[in-house]
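Some notes on the structure that comes next.
Just so you know, residue 1 is the first one in the sequence shown, and it goes up from there.
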Amino acid sequence: MDVLIHLFVGLHIIGIAALLGGFLTQMKAMGQGTARFVPAMLHGALTMLVTGVVLVGLNEAQDHHVNTVKIGVKLALLVVILGLVYVKRDDEKVDKSMFGVVGLLTMANIFIAVLWT
């Protein structure tokens with residue numbers, strides 16, 4: 001079971017890398033006002049959602065302690081990110097502030113995962 005958990009942690013990290021990487025590749029365009037949500041951002045966020053749910057389930061199945069408040073906060077941030085990216089995914093350009101919010105929420109999600117013990 002530990003191998004399965006580690007596999008899904010790796011996939012979860014790949015999801016956050018795709019989301020953050022998509023954001024970082026558009027930073028220059030954001031400065032010019034032409035940034036857009038690339039498909040990698042949507043796919044990364046969806047990967048994070050699915051693997052996160054699986055990880056909670058696997059940890060619960062092994063009777064590991066799961067901090068439900070932390071998971072709830074991370075899920076809420078991810079739902080907002082997914083909502084923004086999904087709704088605006090076909091737009092040629094996205095407002096700087098909305099694009100910045102997605103990047104900020106993504107980084108907040110990372111820091112919550114790492115620092116909240």
Side-chain angles (χ1 to χ4, degrees):
M1 186 74 97
D2 286 339
V3 172
L4 197 56
I5 289 174
H6 292 303
L7 173 71
F8 278 99
V9 168
L11 291 173
H12 197 68
I13 291 170
I14 289 170
I16 193 72
L19 178 58
L20 186 61
F23 172 78
L24 292 175
T25 60
Q26 292 290 306
M27 290 275 300
K28 184 176 180 182
M30 184 175 82
Q32 299 168 348
T34 59
R36 58 184 298 258
F37 292 129
V38 295
M41 294 174 75
L42 178 63
H43 298 154
L46 287 171
T47 299
M48 286 177 58
L49 178 64
V50 171
T51 57
V53 169
V54 170
L55 283 169
V56 169
L58 289 173
N59 280 295
E60 287 278 337
Q62 282 201 313
D63 290 329
H64 291 157
H65 172 71
V66 176
N67 187 339
T68 54
V69 175
K70 175 182 173 180
I71 299 302
V73 170
K74 287 177 56 57
L75 179 62
L77 292 176
L78 186 57
V79 166
V80 171
I81 291 168
L82 262 170
L84 291 172
V85 173
Y86 185 78
V87 168
K88 297 290 188 177
R89 72 187 183 280
D90 292 329
D91 291 0
E92 283 299 315
K93 57 183 176 178
V94 179
D95 185 52
K96 283 183 187 182
S97 60
M98 184 181 299
F99 197 80
V101 165
V102 169
L104 183 67
L105 292 176
T106 300
M107 287 185 269
N109 217 342
I110 292 168
F111 284 115
I112 289 170
V114 173
L115 299 176
W116 188 340
T117 56

Let me see the working for Asp91 and Lys88 under side chain to side chain contact (heavy atoms under 4.5 Å, CB included), right down to the final yes or no.
-> CA-CA 5 Å; Asp91 291 0; Lys88 297 290 188 177; 2.9 Å; yes

With side chain to side chain contact (heavy atoms under 4.5 Å, CB included) as the test, would you mind laying out the steps for Leu19 and His43 before giving the verdict?
-> CA-CA 8 Å; Leu19 178 58; His43 298 154; over 6 Å; no

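Hydrophobic clustering (ILVMFWY, side-chain heavy atoms < 4.5 Å, transitive): Ile71 and Leu58 are in distinct clusters. Val56 is not connected to Val54 by any chain of hydrophobic side-chain contacts under 4.5 Å among Ile, Leu, Val, Met, Phe, Trp and Tyr, and they are in different clusters.
Remark: Thr47 engages no residue in a side chain to side chain donor-acceptor pair (under 3.5 Å) (not counting sequence neighbours). Under the side-chain contact (heavy atoms from CB on, under 4.5 Å) criterion, Val79 pairs with Leu75, not counting sequence neighbours. Taking Asn67 as the reference, nothing meets the side chain to side chain donor-acceptor pair (under 3.5 Å) condition, with sequence neighbours excluded.
Proximity of Met48 to Ile81: side-chain heavy atoms (C-beta onward) are nowhere separated by under 4.5 Å.
Applying the side chain to side chain donor-acceptor pair (under 3.5 Å) test to pairs two or more places apart or on separate chains, those with a residue in residues 2-13 are His12-Thr51.
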What pairs of donor and acceptor atoms, side-chain ones from residues 99-117 against any protein atom, are under 3.5 angstrom apart with sequence neighbours left out?
residue, atom, partner, partner atom, Å
Thr106, OG1, Val102, O, 2.7
Asn109, OD1, Lys74, NZ, 2.8

Considering only distance and modelled atom types, tabulate donor-acceptor pairs under 3.5 Å from the side chains of residues 21-31, sequence neighbours left out.
residue, atom, partner, partner atom, Å
Thr25, OG1, Gly21, O, 3.4
Thr25, OG1, Gly22, O, 2.8
Gln26, OE1, Arg36, N, 3.1

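Taking all atoms of both residues into account, the shortest heavy-atom contact from Asn59 to Val66 is CB-CG2, 3.9 Å.
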